[in-house]
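A quick write-up on the structure given underneath.
The chain is numbered in sequence order, starting from 1.
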Amino acid sequence: MGVGAIIASITGAKAANAPWFDPDITNLKDSWDLVIHIAIGTASVVQFTLDGGTNWINLNGGDQLGAGNGYTFTLPVLKGDRFNLRHTNAAAGDINIVIARLSYGK
């Protein structure tokens, strides 16, 4: 896959603390940046993992992503990483993932 190639994309409702991608994204290239485009329907903190869910790290400094807003994050990844995303707003129950798309960039 080259620069700008979409490697994963999801939409739909997801429960709090449930991984968004099943299985984890593992087809990551060494020394590439993962570009993450996200829009969600309910405000929530969004987290990522690089180790298949053992450790979760807050995106956006732990601030909630606003409902209906689009966000783009760039994250360095290594070959062998097991990437996934989740949201943490348990009070909202399932939230609508408008888009979560992953692509490569340099």
Filter on side-chain hydrogen bond (donor to acceptor under 3.5 Å, both in side chains), then keep only pairs touching residues 92-103, sequence neighbours left out; what's left?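 Residue pairs passing side-chain hydrogen bond (donor to acceptor under 3.5 Å, both in side chains), neighbours aside: none found.
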
Return the [atom1] to [atom2] distance between [X] and [Y], rounded to the nearest 0.5 Å.
X	Y	atom1	atom2	value
T26	K79	OG1	NZ	11.0 Å
I57	L75	CD1	CG	8.0 Å
I10	I97	CD1	CD1	5.5 Å

Would you check if the side chain of N89 reaches a backbone N or O of A43 as a donor-acceptor pair within less than 3.5 Å?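 Checking the backbone N and O of A43 against the side chain of N89, a donor-acceptor pair under 3.5 Å is found.
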
Side chain of T72, backbone of H37: donor and acceptor closer than 3.5 Å?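 Flag not set: sc T72 to bb H37 has no pair under 3.5 Å.
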
So [Y] and [X], do their side chains get closer than 4.5 Å, heavy atoms only?
X	Y	answer
L102	F83	yes
V77	I25	no
L34	F48	no
T88	N17	yes
V46	L85	yes
L28	I7	yes

Starting from L50, can I reach Y104 by hopping between I/L/V/M/F/W/Y residues whose side chains sit under 4.5 Å apart?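 Yes, it is one cluster - the side chains of Y104 and L50 are joined through contacts under 4.5 Å.
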
Hphob cluster co-occupancy, V98 + W20, side-chain heavy atoms under 4.5 angstrom: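 As far as the 4.5 Å side-chain criterion goes, W20 and V98 are not connected within one cluster.
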
Search all heavy atoms of [X] against all heavy atoms of [Y] and return the closest pair with its distance.
X	Y	result
N58	Q47	OD1-NE2, 2.8 Å
A100	F21	O-CZ, 4.0 Å
A67	G41	CB-O, 3.4 Å
A39	G70	CB-CA, 4.4 Å

Sequence neighbours left out, what passes side chain to side chain contact (heavy atoms under 4.5 Å, CB included) with [X]? Give chain and number order.
X	result
L78	D30, D81
T49	D51, W56, N84
Y71	L65, N69, F73
A16	H87, A90

Sequence neighbours left out, what passes side-chain hydrogen bond (donor to acceptor under 3.5 Å, both in side chains) with T74? Give chain and number order.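 None.
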
